[in-house]
Amino acid sequence: MNIIDKLKWRYATKKFDESRMLSNEKLNVLKEAFNLTATSFGLQTIKMVVIEDKKIRESLVEHSYNQKQVLEASHLLIICIQNEINEADVNNYYNNIKSIRNTPDEILDPYRLDLIKMMKRKSNKEQQHWSKNQAYIALGNLMTVCAIENIDSCPMEGFVSKSYDQVLKLNEKGLNSVLLLPVGYRAEDDMFAGFKKVRMNITESVLEI
């Protein structure tokens with residue numbers, strides 16, 4: 001299938017086959033895809049938590065408005081943002097550029113200082129909003145890669161972030177959960193798998209000027 005066929009195949013999976021698990025190879029593809037996701041300035045202020053453990057996921061169902069995909073999927077991916085972005089984050093990013101590309105400080109420093117100033121001008125709420133925008137880019141990228149790899153997924157905003165952060169002790173890591181993506185393989189009796197995809201006519205959703 002080509003990419004459009006893959007995207008037509010994809011749907012928000014409501015019921016996963018609990019007997020089927022993603023291979024380490026497939027899981028590594030998703031990890032790499034997340035890490036390669038485009039982010040503003042290339043500053044990666046998002047993290048992905050991967051949970052396979054069923055007991056942990058079972059404890060999260062009640063904080064997910066009882067949506068069973070969290071438990072039934074092969075793995076649960078949680079996209080998180082940093083609680084704050086500080087000068088050290090920017091310096092680490094530019095130090096990484098210097099190490100990988102061997103770019104001299106005299107070229108990097110003006111950009112480094114500008115980005116530090118920009119982040120300092122943002123309130124904590126503005127920083128988190130900015131990072132959350134990056135998280136949605138990652139979610140879209142992961143969903144597309146899942147479709148290409150014949151992995152089923154279900155993007156979810158419906159969960160209690162504070163409860164997730166407490167159960168998983170994400171606050172101790174300076175993180176805040178913002179999006180969920182259970183991944184695995186659809187159950188044969190998931191009635192939603194056979195539904196025709198409902199979208200606008202492309203002439204309505206795409207404007208050519």
Hey, could you give me each pair passing ring pair (Phe, Tyr, Trp, His ring centres under 6.0 Å) that has a residue in [range]? Not counting sequence neighbours.
{"range": "residues 16-58", "value": "none"}
{"range": "residues 152-190", "value": "Phe159-Tyr164"}
{"range": "residues 49-87", "value": "none"}

Calculate, to the nearest 0.5 Å, the distance between atoms [atom1] and [atom2] belonging to [X] and [Y] respectively.
{"X": "Ile3", "Y": "Lys8", "atom1": "CD1", "atom2": "NZ", "value": "12.0 Å"}
{"X": "Arg186", "Y": "Arg10", "atom1": "CZ", "atom2": "CZ", "value": "9.5 Å"}
{"X": "Gln69", "Y": "Asp152", "atom1": "CD", "atom2": "CG", "value": "11.5 Å"}
{"X": "Leu7", "Y": "Asn2", "atom1": "CG", "atom2": "CG", "value": "9.0 Å"}
{"X": "Ile79", "Y": "Thr37", "atom1": "CD1", "atom2": "OG1", "value": "8.0 Å"}
{"X": "Met118", "Y": "Gln127", "atom1": "CE", "atom2": "CD", "value": "9.5 Å"}

Taking side chain as C-beta onward, heavy atoms only, is [X] less than 4.5 Å from [Y]?
{"X": "Ile51", "Y": "Leu60", "answer": "yes"}
{"X": "Tyr94", "Y": "Leu115", "answer": "yes"}
{"X": "Lys122", "Y": "Ile85", "answer": "no"}
{"X": "Phe192", "Y": "Tyr11", "answer": "yes"}
{"X": "Leu142", "Y": "Ser153", "answer": "no"}
{"X": "Leu43", "Y": "Met119", "answer": "yes"}
{"X": "Arg112", "Y": "Asn95", "answer": "yes"}
{"X": "Pro155", "Y": "Leu179", "answer": "no"}

Shortest non-hydrogen contact from [X] toward [Y]:
{"X": "Leu175", "Y": "Asn171", "answer": "O-OD1, 3.5 Å"}
{"X": "Cys80", "Y": "Leu170", "answer": "SG-CD1, 3.9 Å"}
{"X": "Met48", "Y": "Leu77", "answer": "SD-CD1, 4.0 Å"}
{"X": "Ile78", "Y": "Ser177", "answer": "CG2-CB, 3.7 Å"}

Run the side-chain contact (heavy atoms from CB on, under 4.5 Å) check on Val29 and Ile151 step by step: do they pass?
CA-CA 11 Å; Val29 168; Ile151 298 170; over 6 Å; no

Quick one: does NZ or CZ of Arg121 land under 6.0 Å from the six-membered ring centre of Trp130, within 45 degrees of the ring axis?
no

Under 3.5 Å: donor-acceptor pair, side chain of [X], backbone of [Y]:
{"X": "Gln128", "Y": "Asn83", "value": "yes"}
{"X": "Asn28", "Y": "Asn24", "value": "yes"}
{"X": "Ser23", "Y": "Lys26", "value": "yes"}
{"X": "Glu58", "Y": "Leu71", "value": "no"}
{"X": "Thr39", "Y": "Gln134", "value": "no"}
{"X": "Asn141", "Y": "Ile137", "value": "no"}

Can Lys162 and Asp165 be counted as an ion pair, charged N to O under 4.0 angstrom?
no

Test side-chain contact (heavy atoms from CB on, under 4.5 Å) applied to Asn96 - qualifying residues, sequence neighbours left out
Ile100

Got a sec, which pairs hit salt bridge (Lys or Arg N to Asp or Glu O under 4.0 Å) with one end in residues 84-97, sequence neighbours left out?
Glu87-Lys120

Using the rule that Ile, Leu, Val, Met, Phe, Trp and Tyr join whenever any side-chain heavy atoms are under 4.5 Å apart, tell me whether Leu113 and Tyr111 fall into a single cluster.
no

Sorted by chain and residue number, the salt bridge (Lys or Arg N to Asp or Glu O under 4.0 Å) partners of Lys15 (sequence neighbours excluded) come out as Asp189

May I ask you to check whether Asn150 and Lys6 show a side-chain donor-acceptor distance below 3.5 Å?
yes

Checking Ser161 against Asn176 for the side-chain hydrogen bond (donor to acceptor under 3.5 Å, both in side chains) test, could you report, in this order, the C-alpha distance in whole Å, the side-chain angles of both residues, the deciding distance, and whether it holds?
CA-CA 7 Å; Ser161 175; Asn176 168 221; 2.9 Å; yes

